Structure formats: C-alpha cells, structure tokens
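Structure first, commentary second.
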Amino acid sequence: MSLKEKFKNFFNTDDEYEYIEEVEKGEPDNSHLKQKSNQNVVSLSAIQQPSSKVILCEPKSYNEVQEIADNLLNKRAVVINLQRVDHTQAKRIVDFLSGTVYAIKGDIQKLGLATFLCTPDNVDVSGTITQTIIDEAELEKGW
C-alpha cells in the first residue's frame with residue numbers, strides 16, 4: 001500500500017472514498033457524490049476557540065464566591081484580592097475556592113497579601129514569588 005493510499009484511508013470517510021473510486025473509474029456524472037462528501041467538511045472559521053481571559057475579582061462578601069467559581073468552571077483564570085473582606089470570610093472564600101480548584105484539577109497560588117490566583121487545568125503558571133516578602137507583610141496586617 002502506497003503512502004498516498006494510506007493517507008486516503010486515514011482521512012477519508014466512506015462517502016468520500018466512494019467519490020474517489022468513482023472519479024478514478026472516470027464516470028461522467030459525479031455531482032451527487034460531490035454533494036455527499038461536502039457534508040463532512042467543516043470550516044475552520046466555524047470552530048471557535050475559547051478565549052483566554054484572566055478575571056480580576058475583589059469580593060466584598062462570601063456571597064460572591066459562586067461567581068468566581070463559575071469563571072473557573074468556564075476555564076478562565078481568576079485573580080482574587082481579599083483585602084476588603086473580613087478575615088474570617090476571606091478564609092471561607094479561600095476554602096471554597098480550594099475545593100473548586102481541586103475538583104476541576106486546577107491550581108491555587110498565593111500572590112501576595114490576601115491576593116490569590118486560581119487557574120483551571122488548561123492554564124499553566126510558571127515562576128514563583130518570594131515568600132519572605134509576603135510573610136513579612138502578612139505579619140504586619142494580621143493575615
């Protein structure tokens with residue numbers, strides 16, 4: 001089997017293969033077969049890729065955590081600033097988001113004082129932020 005035939009067999013469905021056989025035999029009227037094979041063709045412009053977005057959130061209460069989780073489920077990365085939230089509510093938000101991120105096989109990272117990055121599984125984060133600067137600032141603020 002030649003390389004050309006292997007590619008034909010790999011990329012063609014039965015309808016398209018039937019069309020190729022008919023063309024090779026030299027039959028005069030192939031219009032009905034052309035229509036049949038075009039049904040399997042999909043335009044690349046019709047396929048929409050999900051847009052890459054990073055959502056910035058600054059919740060004021062625990063009630064807004066569902067919106068953040070919905071963004072993660074829609075494959076968007078979310079940066080959360082919890083400085084405006086009470087410390088106990090901030091802990092509840094982080095606990096809830098940790099569970100959400102775990103369920104979608106994503107990642108949660110602390111970026112700074114009460115600032116977190118939650119990413120779904122389709123986002124790769126590389127690099128680190130020096131933890132000593134974060135620790136000193138947290139001690140001053142009580143985080």
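All values derive from a computational prediction rather than experimental measurement.
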Item checked: Minimal non-hydrogen separation, A90 against L82, with atom names -> O-CD1, 3.9 Å
Check: With no hydrogens and no angle check, is any side-chain donor or acceptor of S98 less than 3.5 Å from a backbone partner on F96?
Finding: no
Next item on the list: Find the distance between OG1 (T100) and CG (N71) and round it off to the nearest 0.5 Å.
Entry: 11.5 Å
Notebook entry, point to check: In Å, rounded to the nearest 0.5 Å, how long is the span from CD of E58 to CG of N81?
Noted result: 4.5 Å
Pairs of donor and acceptor atoms involving the side chains of residues 61-70, under 3.5 Å and at least two apart or interchain, shall be tabulated with distances.
from : atom 1 : to  : atom 2 : distance (Å)
S61  : OG     : N63 : N      : 3.4
E64  : OE2    : K60 : N      : 3.2
Q66  : NE2    : D70 : OD1    : 3.1

Check: Going only through I, L, V, M, F, W and Y residues with side-chain contacts under 4.5 Å, is there a path from V123 to Y102?
Finding: no
Notebook entry, point to check: Going from OG1 on T119 to CG on L117, what distance comes out if it is rounded to the nearest 0.5 angstrom?
Noted result: 5.5 Å
Notebook entry, point to check: Under 4.5 Å between any side-chain heavy atoms of V78 and V54, yes or no?
Noted result: no
Margin query: Could you check whether any side-chain heavy atom of V94 comes within less than 4.5 Å of a side-chain heavy atom of F116, counting everything from C-beta outward?
Written below: yes
Next item on the list: Evaluate the side-chain contact (heavy atoms from CB on, under 4.5 Å) criterion for residues V79 and I55: first the C-alpha distance (whole Å), next the side-chain angles of each, then the deciding distance (0.1 Å), finally the verdict.
Entry: CA-CA 6 Å; V79 176; I55 307 296; over 6 Å; no
Notebook entry, point to check: Are I104 and D121 side-chain neighbours, meaning at least one heavy-atom pair lies under 4.5 Å?
Noted result: no
Next item on the list: Could you tell me which non-hydrogen atom of Q83 sits nearest to which non-hydrogen atom of A114, and how far apart they are?
Entry: CG-CB, 3.8 Å
Item checked: Nearest heavy atoms of C118 and L72, plus distance in Å -> O-CD2, 3.5 Å
Next item on the list: Could you tell me which non-hydrogen atom of V101 sits nearest to which non-hydrogen atom of D107, and how far apart they are?
Entry: CG1-N, 3.0 Å
Check: What's the spacing between D124 CG and N122 CG if we round to 0.5 Å?
Finding: 9.5 Å
